[in-house]
Participant: 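This is the structure I have questions about; it appears just below.
Chain naming here is simple, since letters A, B, ... match the order of the sequence lines and numbering starts at 1 in each.
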Amino acid sequence: MSIKTANNKEFEEFLKKLSREYLLYAPVLNEKDDKVVFEPINEDNISKITLGCQADVPLKECILPYNEKLSIEENPDKKIVILGARACDIEAVRVIDDVFLDEPVDPYYQDRRDKTIIIGYSCAKMEPTCFCDTVGIDPVEHDSAQAYLYKEGEKYFLKVMDEELESLFTSLPGGNEEELAELIDNRRNGMADSNFEIDLPVPVPEAAAFAASCWEKIAEKCLGCGVCTYYCPTCYCFGFFWQDKDGEDKWRAWDSCMFSLYTKHASGHNPRNSKDKRYRQRVMHKFSYHPENYGKLACVGCGRCIKRCPVHLDIRSALKLVENELKEEGGK
Amino acid sequence: MANKIDEIREIARKLMEEETVERVIGYGKADFTEEMTPVFITSPEEVEKLLFNEKSNMMLAKYLLNYKDSKTGIVAKPCDTRAIASYLSEDMLKRDNVVIIGINDCPGMTDNTACNECEVRNPVLSDYTVGEEGEVPELKLDKTLEEMSTAERKEYFVDQFSRCMRCYACRQACYVCYCEECFVDSNQPRWVGQGTNPEDNFTYHLMRAMHMAGRCINCGACEVACPEDIDVRALTAHLSRYAEEIYNFKSGMDPQAKTLLSDYNPDDSQPGFID
Amino acid sequence: MNKQNEFEPKIIAFLCNWCSYAAADLAGSSRIQYPPNIRVIRVPCSSRIDPLLIIKAFKMGADGILVSGCHPGDCHYIDGNMYARRRFVMLKELLAFSGIEEERINFTWCSASEGKRFGGIVEEVVNNIKKVGPWQGLGVKEGGLVSGK
């Protein structure tokens with residue numbers, strides 16, 4: 001591990017170098033729609049990199065594109081560097097890894113993932129929709145990134161966690177380890193907790209939560225669109241389709257369990273035929289099924305589903321209602 | 001606004017206590033954020049949850065279709081009442097099953113540019129009203145698109161629709177999109193491909209707009225719902241203006257009226273046809 | 001431009017079985033010359049034409065469409081074309097507003113006896129579409145394809 005430091009100018013030079021040698025993704029402010037999205041960086045948009053706020057779109061688009069032709073040759077030859085991933089997004093990549101790198105391995109995902117280097121970015125404050133601390137994530141630092149970036153005022157610190165990557169950062173001057181440790185401590189102490197606390201066992205008991213009667217009430221206002229799943233950093237469901245006229249090229253594109261068609265059988269039967277069942281599936285997958293199978297929560301508390309939902313359906317309210325019902329049941 | 005909230009609560013409480021309705025759909029505050037969210041009141045005690053302010057930009061009328069067979073009270077902005085009138089004219093609801101608490105003098109909502117063009121500021125039908133009837137403020141009609149050339153408009157729409165994620169929030173939020181099976185989901189024939197290539201996105205938005213022709217009330221629900229802030233309303237809003245211009249038809253004003261495309265007049269004009 | 005490279009538009013023609021299809025037939029049996037650019041789809045009535053079929057024709061690369069039914073008042077099903085007329089007026093406005101050149105979207109009425117007129121209309125339509133050039137496709141700007149998500 002080594003510590004590097006940089007001022008604005010040095011950092012920009014460093015980014016320029018990265019963007020030449022790698023396929024560099026970073027959160028960029030798109031002026032057309034005023035959104036911060038992960039985009040490939042080149043000399044032109046390097047000045048638009050925006051690290052100060054959470055990206056509106058999760059970084060899963062860089063490693064699991066919305067539309068993907070199933071062919072390794074389609075993948076870029078260059079190594080991919082994703083800069084500015086926050087702790088929630090990094091944890092989300094681990095969740096998707098669980099699924100795609102588990103047997104049977106998905107070769108298209110694995111190829112892209114092997115080429116990917118993630119440089120994390122340390123959060124300085126919580127947004128009202130954030131609840132990563134509640135799901136056990138430290139917003140200041142996440143240890144599964146290869147390197148981590150900290151910005152305080154005009155000063156940048158880089159902690160290089162993966163020794164094989166040292167060569168990438170040789171252009172930057174070394175930094176003071178104690179100064180960085182102090183910064184991290186200050187951030188951890190200064191960060192207000194999210195106003196959300198929940199007392200549910202993990203994994204959430206499947207049988208009891210599944211049978212809970214509150215789902216109908218929770219999902220009453222759900223419109224049934226796919227916003228929460230498309231903006232979720234851990235939702236990875238996809239569907240296949242054939243794009244060209246001859247039907248030779250197989251593609252996959254994101255799909256969403258919130259659509260009624262998602263579970264519709266060829267027979268016409270639909271096991272999840274109402275929105276409460278679909279919403280239950282989404283919450284249970286995050287808090288019960290994935291933890292059951294892979295030992296970690298599949299919700300990273302980024303709050304994008306809350307921020308983007310057209311009717312402001314809040315997953316935290318849903319969990320609260322489930323918690324209340326399970327407690328009442330348990331108390332009986 | 002505070003008076004309106006008191007009035008809404010009073011009416012809702014009366015409806016609940018007298019058991020006139022099984023539920024009242026209205027607006028309330030979200031649990032953890034400052035946003036407004038739909039609330040479903042099922043007992044007189046819950047009435048205090050009801051609120052109303054300029055952030056109440058969701059269309060509640062769509063929820064009525066989930067409760068066709070039981071009596072439901074609804075806090076309805078003027079556009080919601082127009083949606084309900086459309087439902088009645090399309091035979092989607094029974095008038096007896098809805099109790100409308102109409103909001104007079106709608107101030108217009110945040111994040112909804114449709115409100116700038118709205119000339120219906122008082123309910124078109126209601127059982128109760130709150131507040132005093134208001135005047136239509138000065139409208140701000142945006143003619144930018146109409147003044148563009150065909151090629152410029154195409155460029156504009158291609159740019160807009162290529163951002164589409166196909167989450168179908170516009171479809172789900174739209175009060176007229178209530179088909180059991182949407183054309184998007186049909187695979188025989190398959191109208192629109194999966195994935196988000198610009199061609200399929202464009203096709204989806206064109207086809208959806210065509211289904212809205214003469215039905216869209218220009219409420220802006222699609223625009224509010226769109227997470228990518230795409231100008232989804234432009235096509236349908238233009239068509240509803242055009243229907244008014246050509247056929248002097250405005251949807252959702254009269255629950256007895258036939259819809260534009262389920263009716264005809266032998267003397268209808270046919271602009272652009274080859275004679 | 002030499003003859004070989006000249007742009008020959010592909011036009012999808014939806015013709016009502018009772019009038020316009022018969023008019024096309026009459027044009028043929030009367031040996032009336034008209035350009036061979038139309039591909040005819042016979043439909044039972046102009047009101048059978050789902051507007052989505054027309055949008056799909058453009059999606060699949062048609063350079064233009066021509067819809068022809070019975071004259072208003074002459075519909076075999078009494079008033080099918082009256083309903084269709086309102087739909088087509090709205091559809092034409094929608095497509096024109098979304099950026100498809102008006103010349104590509106053609107609606108007309110043609111009776112079974114108007115073989116000559118039918119030939120004339122096809123000629124007019126083909127000439128108009130030739131003026132606006134090949135169709136670029138939905139979701140495509142002048143400069144070529146844009147990348148989506």
Side-chain angles (χ1 to χ4, degrees), chain A residues 30 32-35 37 56-57 61 66-69 127-129 131 194-196 217 220-231 238-243 251-256 258-262 264 274-275 303-304 306-318 320-321, chain B residues 23 25 27-40 42 55 57-60 62-63 66-67 111 159-160 163-174 177 180-182 184-187 190 192-200 221-231:
Chain A
N30 185 342
K32 255 187 203 160
D33 54 355
D34 208 26
K35 293 225 157 57
V37 290
D56 285 293
V57 180
E61 258 195 275
Y66 192 113
N67 309 292
E68 176 181 17
K69 189 174 162 188
E127 291 184 30
T129 46
F131 59 102
S194 65
N195 59 349
F196 174 59
K217 197 171 156 59
E220 210 161 21
K221 61 184 153 194
C222 175
L223 290 175
C225 66
V227 168
C228 48
T229 53
Y230 285 176
Y231 286 86
F238 54 84
F240 292 116
F241 65 102
W242 283 262
Q243 179 102 312
W251 287 65
R252 74 171 159 210
W254 295 354
D255 202 348
S256 166
M258 303 306 281
F259 298 149
S260 61
L261 200 73
Y262 183 81
K264 195 172 177 190
S274 58
K275 56 187 182 182
R304 288 189 182 96
I306 304 165
K307 219 191 278 180
R308 290 265 162 257
C309 178
V311 292
H312 306 294
L313 174 52
D314 196 325
I315 194 166
R316 293 172 291 186
S317 313
K320 272 283 166 207
L321 283 174
Chain B
R23 67 191 72 74
I25 310 175
Y27 301 95
K29 194 185 127 348
D31 290 346
F32 294 92
T33 57
E34 293 307 310
E35 301 293 343
M36 293 296 269
T37 183
V39 293
F40 299 75
T42 48
K55 277 180 169 178
N57 55 12
M58 300 127 244
M59 285 283 281
L60 299 183
K62 181 114 193 221
Y63 294 114
N66 298 339
Y67 309 108
D111 298 330
D159 270 342
Q160 290 284 321
R163 294 212 309 271
C164 176
M165 298 259 270
R166 297 276 283 283
C167 64
Y168 304 126
C170 46
R171 175 185 81 182
Q172 298 303 117
C174 176
C177 273
E180 290 260 316
E181 188 185 293
C182 179
V184 185
D185 297 333
S186 145
N187 53 7
R190 186 169 259 308
V192 195
Q194 277 169 290
T196 54
N197 80 56
E199 186 188 47
D200 283 319
C222 48
E223 177 185 307
V224 172
C226 181
E228 291 281 322
D229 297 338
I230 296 166
D231 192 1

Participant: Are side-chain heavy atoms of B:Q194 and A:W251 found at a separation under 4.5 Å?
Facilitator: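 Side-chain contact under 4.5 Å: no.
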Participant: Can you check whether B:D31 reaches A:D314 side chain to side chain, under 4.5 Å on heavy atoms?
Facilitator: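 No, their side chains stay 4.5 Å or more apart.
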Participant: Would you give the length of the straight line joining atom CD of B:Q172 to atom OG of A:S260, rounded to the nearest 0.5 angstrom?
Facilitator: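 Rounded to the nearest 0.5 Å, the CD-OG separation comes out at 7.5 Å.
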Participant: Pick from A:K320, A:K217, A:R308: which one has the most heavy-atom pairs with chain B under 4.5 Å?
Facilitator: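 Max contact count across the listed options: A:R308.
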Participant: Side chains of B:F32 and A:S317, heavy atoms from C-beta outward: is any pair under 4.5 Å?
Facilitator: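 Yes, at least one pair of side-chain atoms sits under 4.5 Å.
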Participant: Can you name the nearest heavy-atom pair linking A:Y66 to B:R166, along with the distance?
Facilitator: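 Scanning both residues, the minimum pair turns out to be OH-CB, 3.9 Å.
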Participant: Might you point out which heavy atoms bring A:C225 and B:A169 nearest each other, and give the distance in Å?
Facilitator: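 In terms of heavy atoms, the two residues are closest at CB-CA, 3.4 Å.
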Participant: Please identify, among B:A225, B:A30, B:P38, the residue contributing the most non-hydrogen atom pairs under 4.5 Å to chain A.
Facilitator: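 Among B:A225, B:A30, B:P38, the one with the most close pairs to chain A is B:P38.
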Participant: Measuring heavy-atom distances to chain B, does A:N195 have an atom under 4.5 Å in its side chain, in its backbone, in both, or in neither?
Facilitator: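 Contact with chain B involves both backbone and side-chain atoms of A:N195.
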Participant: Among A:F238, A:Y230, A:W254, which has the most heavy-atom pairs under 4.5 Å with chain B?
Facilitator: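 When all of A:F238, A:Y230, A:W254 are compared, A:Y230 has the most.
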Participant: So which part of B:E181 gets closer than 4.5 Å to some heavy atom of chain A, the side chain, the backbone, both or neither?
Facilitator: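 Contact with chain A is through the side chain of B:E181 alone.
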Participant: Counting C-beta onward and ignoring hydrogens, is there a side-chain heavy-atom pair between B:M165 and A:Y231 closer than 4.5 Å?
Facilitator: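 They are in side-chain contact.
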Participant: Which value, rounded to the nearest 0.5 Å, describes the distance between A:H312 atom NE2 and B:N57 atom CG?
Facilitator: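 These two atoms lie 6.0 Å from each other.
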Participant: Pair A:K275, B:N66 - check side chain to side chain contact (heavy atoms under 4.5 Å, CB included), show working.
Facilitator: CA-CA 11 Å; A:K275 56 187 182 182; B:N66 298 339; 3.1 Å; yes
Participant: Which one, A:A253, A:P128, A:G226, leads in non-hydrogen pairs under 4.5 Å with chain B?
Facilitator: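 Counting heavy-atom pairs under 4.5 Å, the top option is A:G226.
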Participant: Checking heavy atoms, do the side chain of B:Y27, its backbone, both or neither come under 4.5 Å from chain A?
Facilitator: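 The answer is neither part of B:Y27.
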Participant: Once you measure the plane-to-plane angle for A:F259 and B:Y168, does it fall in the parallel (<30°), tilted (30-60°) or perpendicular (>60°) bin?
Facilitator: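 Plane angle between 30° and 60°, so tilted.
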Participant: Within the distance-only criterion (no hydrogens, no angle test), does the side chain of B:K62 pair as donor or acceptor with the backbone N or O of A:L223 below 3.5 angstrom?
Facilitator: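 Checked: no pair found.
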Participant: Any side-chain heavy atom of A:K35 sitting closer than 4.5 Å to one from B:D229?
Facilitator: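 With C-beta onward as the side chain, the pair touches.
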Participant: Any heavy-atom pair between the side chains of A:N67 and B:N197 that's under 4.5 Å?
Facilitator: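 They are not in contact (no side-chain heavy atoms under 4.5 Å apart), so the answer is no.
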